[in-house]
Amino acid sequence: KKQKTPLPKLQISILVLVQLAEPIASMSVYPYINQLIRELDVTGGNDAVVGYYAGIIESLFFVTQALTVLMWSRLSDRIGRKPVLMIGLFGLGLSMLCFGLSTSFWTLVISRCICGMLNGNSGVMKSMMGELTDSTNMAQGFALIPITWCFGGFFGFVMGGTLARPQDRWPNIFPGHFWAKYPYFLPCAIAASVVFMSFMFVFLLEETLATKRKRSIPSNTTGDQLLDEYRSDESPSENMVAVPLRSLLIRSIIIPVVNQAFLAFLDISIFALMPLFYSTPNYLGGLGFPPQTIGLWMALFGIIDGLFQALFFAKVVDRLGPKRTFYIGISCFIPIMTMFPVMSWLVFSRGVDYMVTIVLLCQLVIIVMWDMSLASIFMFITASAPTKNVLGAVNGMGQMTASIAHAVGPMFTSSIFAFSKDHNILGGNAVFAILCIPGVGMLWLASQLPEQLQNRDEDK
């Protein structure tokens with residue numbers, strides 16, 4: 001085995017801090033989104049159909065992102081990663097402020113569309129991580145992406161659950177008409193502040209795109225040498241622009257991209273179901289948790305998941321390899337789905353007691369195992385790029401398909417959940433049985449991945 005190259009700690013630390021803003025902002029809305037839908041009275045007082053509208057709101061970001069993310073990723077291959085990151089962060093911060101000031105369903109729709117349209121950061125972040133790592137330390141680097149989402153999710157869930165409706169909890173600190181009219185502005189404003197702080201951190205990042213990196217020029221460099229160096233830097237960018245997307249539609253790229261799309265669909269389905277199931281009233285088989293409890297449970301998951309990925313993911317990959325690690329992760333999906341109807345049965349038979357808590361903790365532990373598949377597939381996507389000049393395009397393709405899956409997932413899952421509960425199909429548990437079908441298909445898709453990652457170091 002090659003000796004591991006040390007990670008560029010300073011640059012990766014800054015990249016992680018920049019990325020941290022996205023999960024904090026995105027996840028902060030989950031603890032209160034279902035309650036917000038109820039208060040807007042778009043459901044006509046029918047709790048069983050809240051899932052339809054919550055699913056639409058959760059999916060809109062990904063619908064608009066799917067339409068633009070490939071464009072942003074291709075643009076980052078031309079103008080550099082940093083400018084595209086800054087545009088994405090600006091859009092995220094602006095949309096959070098709009099979300100907090102929304103007083104109707106349609107203003108929520110507009111704010112989520114703004115966020116998705118201007119945000120191509122997920123693909124760009126993975127491209128930057130790929131350019132900062134090599135084949136010896138890729139597992140360590142890419143493990144930081146889900147870790148960042150876990151810790152960001154932890155802070156987002158706590159913030160959203162704790163700071164929602166502040167006038168109800170701290171009337172002396174938040175008096176007046178403003179906080180009564182905009183009861184969810186505080187968590188959105190704090191999230192937007194974190195985003196704008198991350199915007200400032202981008203200035204400390206070094207550009208990772210080879211053709212846009214600043215290079216020190218020795219004092220004895222001649223004019224001819226400088227011209228030759230400029231041409232050598234320029235040619236890869238020109239070649240990249242000439243590469244049509246259809247030339248990237250090859251098996252070695254398509255297989256990881258399709259795996260990422262299916263994984264994204266199943267992953268977002270889990271995280272759409274969790275707050276929905278937690279907030280559904282007991283008489284419908286849910287846990288009936290208020291936003292504060294939902295935030296704390298999801299925050300607990302985030303911190304446990306982040307610690308596990310930080311301490312063990314790279315070691316598991318070194319021992320088992322990325323394909324086996326990926327396979328172990330996706331094998332957890334069906335057990336995760338099984339836990340939901342088990343909790344419903346316990347709620348109907350015993351109420352929400354210690355047995356429900358035990359099953360809930362077991363489910364969270366299995367989801368931690370599931371999350372190993374996320375960093376694993378990022379490694380396959382990055383390694384599938386034929387050259388570094390198309391790394392942004394390949395990551396953009398992966399993120400575009402993932403965004404489509406993320407768009408379909410919440411709407412499909414929340415709608416089937418609401419339909420199951422409204423019509424009492426399989427005791428209200430039909431959604432969990434239906435989702436097991438793509439879960440089985442995912443196992444076959446994973447078997448098509450290459451046994452070993454392509455060696456990226458030759459392209460450096």
Starting from the C-alpha separation in whole Å, work towards a yes-or-no answer on side-chain contact (heavy atoms from CB on, under 4.5 Å) for Q140 and N137.
-> CA-CA 5 Å; Q140 289 176 287; N137 57 16; 3.7 Å; yes
Any donor-acceptor N/O pair, N34 side chain to S279 backbone, under 3.5 Å | no
Kindly write out the residues that satisfy side-chain hydrogen bond (donor to acceptor under 3.5 Å, both in side chains) with S403, not counting sequence neighbours, or none if the list is empty.
-> Q65
For L320 and I328, run side-chain contact (heavy atoms from CB on, under 4.5 Å): C-alpha distance rounded to whole Å, both residues' side-chain angles, the deciding distance at 0.1 Å, then the answer.
-> CA-CA 10 Å; L320 301 179; I328 290 170; 3.5 Å; yes
Go through the side-chain N and O atoms of D305 and Q309 and say whether any donor and acceptor fall under 3.5 Å apart.
-> yes
With distance as the sole test, does S28 use its side chain to make a donor-acceptor pair with the main-chain N or O of A25 at under 3.5 Å?
-> yes
Can you list the residues that meet the ring-ring contact (aromatic ring centres under 6.0 Å, His included) rule with F312, with sequence neighbours excluded?
-> F308
To the nearest 0.5 Å, tell me how far M128 CE sits from L15 CG.
-> 5.5 Å
Spacing of CG belonging to L263 relative to CG belonging to D371, to within rounding of 0.5 Å = 9.0 Å
Minimal heavy-atom distance between I268 and G409, with the atoms involved, is CG2-CA, 3.8 Å
Taking only residues at least two apart or on different chains, which pairs with a member in residues 321-343 satisfy salt bridge (charged side-chain N to carboxylate O under 4.0 Å, His left out)?
-> K323-E451
Counting N and O atoms only, with roles assigned by atom type, does the side chain of S269 sit under 3.5 Å from a partner on the main chain of T413, one being a donor and the other an acceptor?
-> no
Do L449 and P256 come close enough that some side-chain heavy atom pair is under 4.5 Å?
-> yes
Rounded to the nearest 0.5 Å, what separation is found between the CG atom of N121 and the OG atom of S73?
-> 9.5 Å
Quick one: are L284 and P281 in side-chain contact, heavy atoms under 4.5 Å?
-> yes
Taking the side chain as every heavy atom from C-beta outward, state whether T293 and Y278 have any pair of such atoms under 4.5 Å apart.
-> no
Give the minimum heavy-atom separation between V257 and M397, together with the two atoms involved.
-> CG1-O, 4.2 Å
S127 and N395: side-chain donor and acceptor closer than 3.5 Å?
-> yes
State, yes or no, whether a side-chain contact exists between T68 and M400 at a heavy-atom distance under 4.5 Å.
-> no
Euclidean distance, L435 CG relative to I336 CD1, rounded to 0.5 Å | 11.5 Å
Is the backbone N or O of L361 less than 3.5 Å from a side-chain atom of W297, with the two atoms forming a donor-acceptor pair by type?
-> no
Side-chain heavy atoms of V195 within contact of I24, under 4.5 Å | no
Applying side-chain contact (heavy atoms from CB on, under 4.5 Å) to S13 and not counting sequence neighbours gives none
Minimum side-chain heavy-atom gap H406-V63 below 4.5 Å = no
Verify, without hydrogens or angle tests, whether Q399 (side chain) and L70 (backbone) share a donor-acceptor contact under 3.5 angstrom.
-> no
Criterion side-chain contact (heavy atoms from CB on, under 4.5 Å) on L443 and S331, from CA distance to verdict | CA-CA 7 Å; L443 295 171; S331 299; 3.8 Å; yes
Donor-acceptor contacts, no H, no angles, side chain residues 144-152, under 3.5 Å, sequence neighbours left out:
residue	atom	partner	partner atom	Å
T148	OG1	L144	O	2.6

Say whether, by atom type as modelled, one donor and one acceptor occur between the side chain of S344 and the main chain of G285 under 3.5 angstrom.
-> yes
Only pairs under 3.5 Å count here: list side-chain donor-acceptor contacts from residues 80-99, not counting sequence neighbours, and write none if there are none.
residue	atom	partner	partner atom	Å
R81	NE	E131	OE1	3.2
R81	NE	E131	OE2	3.4
R81	NH1	S76	O	3.4
R81	NH1	S76	OG	2.8
R81	NH1	D77	OD1	2.8
R81	NH2	D77	OD1	3.2
R81	NH2	E131	OE2	2.5
K82	NZ	L205	O	2.8
S95	OG	G91	O	3.3
S95	OG	L92	O	2.9

Under a 4.5 Å cut-off applied to non-hydrogen side-chain atoms, are I14 and E206 in contact?
-> no
M442 and I437: side-chain contact (heavy atoms from CB on, under 4.5 Å), yes or no, with the steps?
-> CA-CA 9 Å; M442 182 83 247; I437 298 171; over 6 Å; no
With Q260 via side-chain hydrogen bond (donor to acceptor under 3.5 Å, both in side chains) - residues at least two apart | none
Among side-chain atoms of S104 and T107, is any donor-acceptor pair under 3.5 angstrom?
-> yes
Kindly compute the distance separating CG (D267) from CD1 (I367), expressed to the nearest 0.5 Å.
-> 9.0 Å
Please, which pairs that meet ring-ring contact (aromatic ring centres under 6.0 Å, His included) have at least one residue in residues 316-343, sequence neighbours excluded?
-> F277-F340, F333-W370, F340-F432
Is a donor on one side and an acceptor on the other found under 3.5 Å between the side chain of Q363 and the backbone of M339?
-> no
In terms of heavy-atom contacts, I330 and A446 come closest through CD1-CB, 3.3 Å
Can you sort out the partners of F380 under ring-ring contact (aromatic ring centres under 6.0 Å, His included), two or more places apart, ordered by chain and number?
-> none
Scan residues 108-137 for pairs that pass ring-ring contact (aromatic ring centres under 6.0 Å, His included), counting only residues two or more places apart or in two chains.
-> none
Non-neighbouring partners of F155 that pass ring-ring contact (aromatic ring centres under 6.0 Å, His included), sequence neighbours left out | none
Atom pair SG/CD1 of C332 and I270 - distance to nearest 0.5 Å = 9.0 Å
Does F262 offer a backbone N or O that forms a donor-acceptor pair with the side chain of N259 under 3.5 Å?
-> no
Answer with yes or no whether the side chains of E39 and Y184 bring together a donor and an acceptor at under 3.5 Å.
-> yes
Shortest non-hydrogen separation from I190 to L163 and the atoms involved = CG1-CD1, 4.0 Å
Are F417 and F412 close enough that their ring centers fall under 6.0 Å?
-> no
Are L287 and L360 close enough that some pair of their side-chain heavy atoms sits under 4.5 Å apart?
-> yes
Has the side chain of T162 got a donor or acceptor atom that lies under 3.5 Å from a matching backbone atom of M159?
-> no
Here the pair of heavy atoms bringing S384 nearest to V394 is OG-CG1, 3.7 Å
For N424 and G428, which heavy atoms make the closest approach, and how far apart are they?
-> OD1-N, 3.5 Å
S447: partners by side-chain hydrogen bond (donor to acceptor under 3.5 Å, both in side chains), with sequence neighbours left out | none
